[in-house]
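Here's the structure, in structure tokens; my notes come after.
Each residue takes its place number in the sequence, starting with 1. All values derive from a computational prediction rather than experimental measurement.
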Amino acid sequence: MKYYDTALVSVPKWYGYTGNLEPVVITANNYSALRKKSKNKGFIVLKHPSKKVFRKAVEKSLVDAVLPDRLRGHDYFHHKKTLLNNVTAKLMSKNKVSLLFTFRELRNHNSEERALIWGRMRQEAWICLKKKVPIIISSWAEKKEELVGATSLLAMGELLGLKPEEAKQSLNHVQRKILERLSRE
């Protein structure tokens with residue numbers, strides 16, 4: 001099976017990947033800015049959106065993947081506070097917008113922040129599996145030192161609650177569809 005990573009640097013073959021998807025990272029404060037920036041060509045990732053921008057991006061299918069800010073906000077007693085809920089998960093599943101889980105988020109934070117991020121990732125993964133939202137697991141490396149091997153990302157997927165086959169799909173299936181779309185453009 002061929003595995004792909006979404007990193008901001010080029011990935012050598014010996015990390016276990018067939019290829020690398022270099023994302024076009026956009027941030028938007030409002031819908032008009034989102035619409036302008038989403039006209040870019042390539043694999044578009046919406047980074048740290050607000051709730052309103054996230055909802056519009058998912059409804060209109062303006063992006064390929066979303067990377068939420070997992071540090072912001074205060075958790076409730078009975079669940080973690082995330083952007084993802086049942087309604088937005090159904091929209092993401094219908095419009096084939098993926099949720100991005102990155103190894104870099106865990107690596108670059110201290111123990112308390114890492115625990116908070118991990119808890120929110122687990123809840124988001126559970127909702128994604130329940131509503132059949134496409135998942136992308138990535139190293140999201142900005143430097144060569146931050147690159148992570150494919151087996152480590154597969155293990156991260158299994159720790160998030162994915163079955164081994166689902167973890168393999170998170171490194172392969174969604175990326176292949178995006179690569180096919182990009183080659184047609």
Side-chain angles (χ1 to χ4, degrees), residues 1-28 37-38 40-50 53-54 57 63-73 80 82-84 92 97-126 128-129 133-164 166-179 181-182:
M1 184 172 269
K2 297 179 179 180
Y3 300 129
Y4 298 94
D5 189 21
T6 54
L8 303 173
V9 296
S10 61
V11 180
K13 295 277 187 203
W14 56 272
Y15 275 94
Y17 302 111
T18 304
N20 180 32
L21 280 172
E22 293 188 24
V24 176
V25 181
I26 63 171
T27 57
K37 291 179 181 180
S38 66
N40 293 335
K41 299 280 186 194
F43 172 55
I44 301 171
V45 175
L46 180 61
K47 183 177 178 182
H48 302 195
S50 66
V53 171
F54 172 67
V63 295
D64 295 315
V66 177
L67 178 62
D69 184 6
R70 294 185 173 101
L71 276 178
R72 192 174 40 185
K80 307 284 183 202
T82 64
L83 283 176
L84 198 62
M92 288 178 81
V97 176
S98 304
L99 192 67
L100 193 60
F101 294 91
T102 64
F103 196 81
R104 186 172 185 269
E105 285 178 282
L106 295 171
R107 173 182 278 171
N108 292 348
H109 291 92
N110 65 25
S111 58
E112 291 175 9
E113 292 172 340
R114 189 178 299 146
L116 179 67
I117 291 169
W118 184 252
R120 290 179 179 177
M121 279 184 171
R122 290 282 310 233
Q123 178 160 347
E124 289 170 350
W126 178 74
C128 287
L129 291 173
V133 175
I135 294 174
I136 296 177
I137 298 175
S138 165
S139 68
W140 200 256
E142 290 182 352
K143 298 181 260 179
K144 292 250 186 208
E145 300 82 40
E146 294 177 342
L147 287 171
V148 179
T151 53
S152 298
L153 292 182
L154 289 172
M156 179 182 160
E158 290 180 29
L159 286 173
L160 282 171
L162 280 69
K163 295 176 184 165
E166 292 169 335
K168 290 176 184 176
Q169 291 293 327
S170 70
L171 289 178
N172 179 299
H173 184 68
V174 176
Q175 287 87 329
R176 258 191 308 120
K177 283 186 176 182
I178 293 167
L179 285 171
R181 180 183 57 82
L182 292 175

Worked check of side-chain contact (heavy atoms from CB on, under 4.5 Å) between W140 and V25:
CA-CA 11 Å; W140 200 256; V25 181; 3.7 Å; yes
Partners passing side-chain hydrogen bond (donor to acceptor under 3.5 Å, both in side chains) against K177 (at least two apart in sequence or in another chain)
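Here the qualifying residues are H173.
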Quick check on K144: does its NZ atom have over 12 non-hydrogen neighbours (other residues, nucleotides or ligands) under 6.0 Å away?
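Yes, enclosed.
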State which residues pass side-chain contact (heavy atoms from CB on, under 4.5 Å) with [X]; sequence neighbours excluded, sorted by chain then number.
| X | result |
| --- | --- |
| T27 | K37, K47 |
| K2 | Y4, T18, N172 |
| P134 | S98, V174 |
| K168 | M1, Y3, L154, E165 |

What is the minimum heavy-atom distance between [X] and [Y], and which atoms define it?
| X | Y | answer |
| --- | --- | --- |
| S139 | D5 | OG-OD2, 2.5 Å |
| I178 | F43 | CD1-CE1, 3.3 Å |
| V63 | V97 | O-CG2, 3.7 Å |
| L147 | A7 | CD2-CB, 4.2 Å |

Any chance you could measure [X], atom [atom1], to [Y], atom [atom2], to the nearest 0.5 Å?
| X | Y | atom1 | atom2 | value |
| --- | --- | --- | --- | --- |
| M121 | C128 | CE | SG | 11.5 Å |
| I135 | L160 | CD1 | CG | 7.5 Å |
| L67 | L46 | CG | CG | 9.0 Å |
| T82 | R122 | OG1 | CZ | 14.0 Å |
| Q175 | L21 | CD | CG | 6.0 Å |
| F101 | W118 | CZ | CH2 | 9.5 Å |

I'd like to know if the side chain of T6 and the backbone of S138 have a donor-acceptor N/O pair within less than 3.5 Å.
no
So, does N20 use its side chain to make a donor-acceptor pair with the main chain of V9 at under 3.5 Å?
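Yes, the answer is positive, given that a donor and an acceptor are paired below the 3.5 Å cut-off.
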Run the salt bridge (Lys or Arg N to Asp or Glu O under 4.0 Å) test against D64 and tell me which residues pass, sequence neighbours left out.
R181
Write out all pairs satisfying side-chain hydrogen bond (donor to acceptor under 3.5 Å, both in side chains) with one or both partners inside residues 104-114, taking only residues at least two apart or from two chains.
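As it turns out, the side-chain hydrogen bond (donor to acceptor under 3.5 Å, both in side chains) pairs with a partner in residues 104-114, which skip direct neighbours, are R70-E105, T102-E105, R104-E142, R104-E146.
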I want to check something: taking the side chain as every heavy atom from C-beta on, are [X] and [Y] in contact at a cut-off of under 4.5 Å?
| X | Y | value |
| --- | --- | --- |
| P49 | L83 | yes |
| E124 | P68 | yes |
| L71 | I117 | yes |

